[in-house]
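Residue numbering restarts at 1 for every chain, and letters A, B, ... go by the order of the sequence lines.
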Number of protein chains: 2
Amino acid sequence: MVHDPNGKDCRLVGDILARVGDKWSMLVVMTLLEAPLHFNELKRAIRGVSQQMLSRNLRALERDGLVERTVHVGVPVRVEYALSDLGRSLAGPVQALGAWAARARPAIEASRTAFDREHDAQ
Amino acid sequence: MVHDPNGKDCRLVGDILARVGDKWSMLVVMTLLEAPLHFNELKRAIRGVSQQMLSRNLRALERDGLVERTVHVGVPVRVEYALSDLGRSLAGPVQALGAWAARARPAIEASRTAFDREHDAQ
DNA sequence: CGGCATCCGGAGGGATACTG
DNA sequence: CAGTATCCCTCCGGATGCCG
């Protein structure tokens, strides 16, 4: 069977996987799964993320309908980010992957060190 | 709750997610799930991948113990790539994510066009 | 407080050519 | 057949600074 990443069906799946794979998106989703947050709360909750990247990620997630953005007018302005139903439905599969990663971690680390030893000694 | 991508526990989970998210790795895994293949068979099966990237991905997957590489000596040389048990165990979560993507696709595409319309018209 | 604009370095990914 | 080596280029991600 031939797999074509540009085939119409696989196209958006690849998109999703890329989204899931990028450095911050799933961290955002997992954080918002616990509770809706304001921008800077989110920034503090996700240690190490820059404003830039957080902003970009939130935009992208909002565009895809995974995150809902609500502006509360006032002084100062407050913007609340919350997962949509679609976003919440993503949490299951992602957590499954996370659980797999946790289980597989020892095996992967062992395999890596073994592989590296063989190749460094060469 | 604070999420730190550099916290020891989250570190490798992030690694895994990044691996899952890159352009070819999961395509390789899904292809090998059907049957073990030789290098060029794999290259033909995954439309559009370069030798370079396929080679790199296979190395990385082998290093992590997800793929097993077997050299069959002879003329010409044949190298067979197959999923390890660990690799096969990854297929479940990945397929779950794929299924989610397939289900979510219409909603996501609709959300994107709506979002883009609002912002282009501005 | 919640962003966007700009600049920058480095990694990711591709084309091509060459080797065992 | 199964790669490695080289070159190149884009885009991700971070730092900084400015604006409503």
Please figure out whether B:Val49 or A:Pro76 has its closest DNA chain C nucleotide nearer the 5' end.
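This one resolves to A:Pro76.
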Check every atom of C:dA5, C:dG13, D:dG3 against the side chain of B:Tyr81 and return the nucleotide holding the closest atom.
D:dG3
Among C:dA15, D:dT4, C:dG3, the nucleotide that comes nearest once only the side chain of A:Val79 is considered
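Given the options C:dA15, D:dT4, C:dG3, the side chain of A:Val79 is closest to C:dG3.
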Integer-rounded Å distance: D:dC12 P and A:Asp15 CG
12 Å
What is the separation between atom CG on B:Leu54 and atom C1' on C:dA15, rounded to the nearest whole Å?
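My rounded result for the distance is 15 Å.
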So A:His38 and A:His72, would you call those rings parallel, tilted or perpendicular, with 30° and 60° as cut-offs?
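Geometry flag for A:His72 against A:His38: perpendicular rings.
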Quick check: any donor-acceptor pair below 3.5 Å linking the side-chain of B:Arg56 to the base of C:dG12?
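No, the side chain and the base share no sub-3.5 Å donor-acceptor pair.
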What about B:Gln52, does its side chain sit under 3.5 Å from the base of D:dT6 through a donor-acceptor pair?
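Pair found.
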Between A:Thr31 (side chain) and A:Leu27 (backbone), is there a donor-acceptor pair under 3.5 Å?
yes
Angle between terminal axes - the helix from C:dC1-D:dG20 to C:dG20-D:dC1, 5 pairs each end, rounded to 10°
40°
Here the residues of residues 22-48 of chain B within 4.0 Å heavy-atom distance, strictly under, of DNA chain D are B:His38, B:Phe39, B:Asn40
Let's see if you get this right: which residues in residues 57-73 of chain B place a heavy atom under 4.0 Å from DNA chain D?
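DNA chain D contact set from residues 57-73 of chain B: B:Arg59, B:Arg69.
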